[in-house]
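These notes concern the structure reproduced below.
Owing to the predicted nature of the structure, the values given are computational and were not obtained by experimental measurement. Just so you know, these numbers use all the heavy atoms, side chains as well, and skip hydrogens, waters and symmetry mates. Position 1 is the first residue of the sequence; numbering continues from there.
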Amino acid sequence: QVQLVESGGGLVQAGASLRLSCAASGRSFSTDTMGWFRQTPGKEREFAAAIKWSSGSTLYGDSVKGRFTINRDKAKNTMYLQMNSLKPEDTAVYYCAAGRQYTPLRGGYDDWGQGTQVTVSS
C-alpha cells in the first residue's frame, strides 16, 4: 500500500497561483501512475491531472488544461500540481492518488491521500 500526504492548499484570490505537493511512501513498482482529483460537496470526484511515473507523460482534465501543470521528482518520491490563473470554480478538496493504470478514471487508482482544501475567492 502507498501512503500519500498532500500539502500546499490554502485560500487565494482569483488569478493567483498555488502549488500542491504529494509525498508518497511505500511506493512499489506496481504504482505506474499518480494523479490529482478534486471534489466539491455534492459532486463527483473530478479528474484534474495524472502523470506516468516512469516516463513523465501527462494527462489533464479539460477544466484545468492550459492552467495546471503536473510533474514529479523521482528522487523525492513527490508529485506536484502547479495551479496558475486560479478561478473560483477551482475551489475544491484536492486529492492525490496512486494507481496501476495511466487513466483519468477513478477506478484506475488504488491509494488516496486525505485531501487538501483549495479555496479561490472572487
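With rounding to the nearest 0.5 Å, the separation of OG1 in T33 from CD1 in I51 is 9.5 Å. Residue E89 holds its CD atom at 10.0 Å from OG of S122, rounded to the nearest 0.5 Å. M79 contributes atom CE, which lies 9.5 Å from atom CG of N71 (distance to the nearest 0.5 angstrom).
The backbone N or O of G9 sits less than 3.5 Å from a side-chain atom of T116, completing a donor-acceptor pair. Looking at Q114, its side chain never comes within 3.5 Å of a backbone N or O of V5 through a donor-acceptor pair. Remark: the backbone N or O of I70 is paired with a side-chain donor or acceptor of Y60 at under 3.5 angstrom. In this structure, the side chain of T103 does not engage the main chain of Q101 through any donor-acceptor pair within 3.5 Å. In terms of modelled atom types and a separation under 3.5 Å, the side chain of T40 and the main chain of A92 share no donor-acceptor contact.
The heavy-atom pair separating Y102 from S57 by the smallest distance is OH-C, 3.2 Å. Contact detail for Y109 and A50: the closest heavy-atom pair is OH-CB, 3.4 Å. For T91 against Q117, the heavy-atom pair with the smallest separation is CG2-NE2, 4.0 Å.
At a threshold of 4.5 Å between side-chain heavy atoms, the hydrophobic network of Ile, Leu, Val, Met, Phe, Trp and Tyr places W53 and W36 in one connected group. Cluster annotation: M83 is not connected to Y80 through the hydrophobic network of ILVMFWY side chains, with a link wherever side-chain heavy atoms come within less than 4.5 Å. Follow the hydrophobic side-chain contacts under 4.5 Å out from F37 and you never reach V2; the two are in separate clusters.
Counting only heavy atoms from C-beta outward, the side chains of R67 and D90 approach each other to under 4.5 Å. Contact of the K74 side chain with the R72 side chain is registered, since non-hydrogen atoms from C-beta on lie closer than 4.5 Å. At least one side-chain heavy atom of M34 sits less than 4.5 Å from a side-chain heavy atom of L4. Contact of the L59 side chain with the F47 side chain is registered, since non-hydrogen atoms from C-beta on lie closer than 4.5 Å.
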* To do: Before giving the answer on side-chain contact (heavy atoms from CB on, under 4.5 Å), spell out for V64 and R38 the whole-Å C-alpha distance, their side-chain angles and the decisive distance to 0.1 Å.
  => CA-CA 11 Å; V64 308; R38 63 187 189 180; 3.8 Å; yes
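For K65, the salt bridge (Lys or Arg N to Asp or Glu O under 4.0 Å) partners two or more places apart in sequence, or in a different chain, are D62.
Taking the six-membered ring where the residue is Trp, Y94 and F68 present tilted rings, their angle falling between 30° and 60°.
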Could you list the donor-acceptor pairs under 3.5 angstrom formed by side chains in residues 12-21, with sequence neighbours left out?
| residue | atom | partner | partner atom | Å |
| --- | --- | --- | --- | --- |
| S17 | OG | N84 | OD1 | 2.9 |

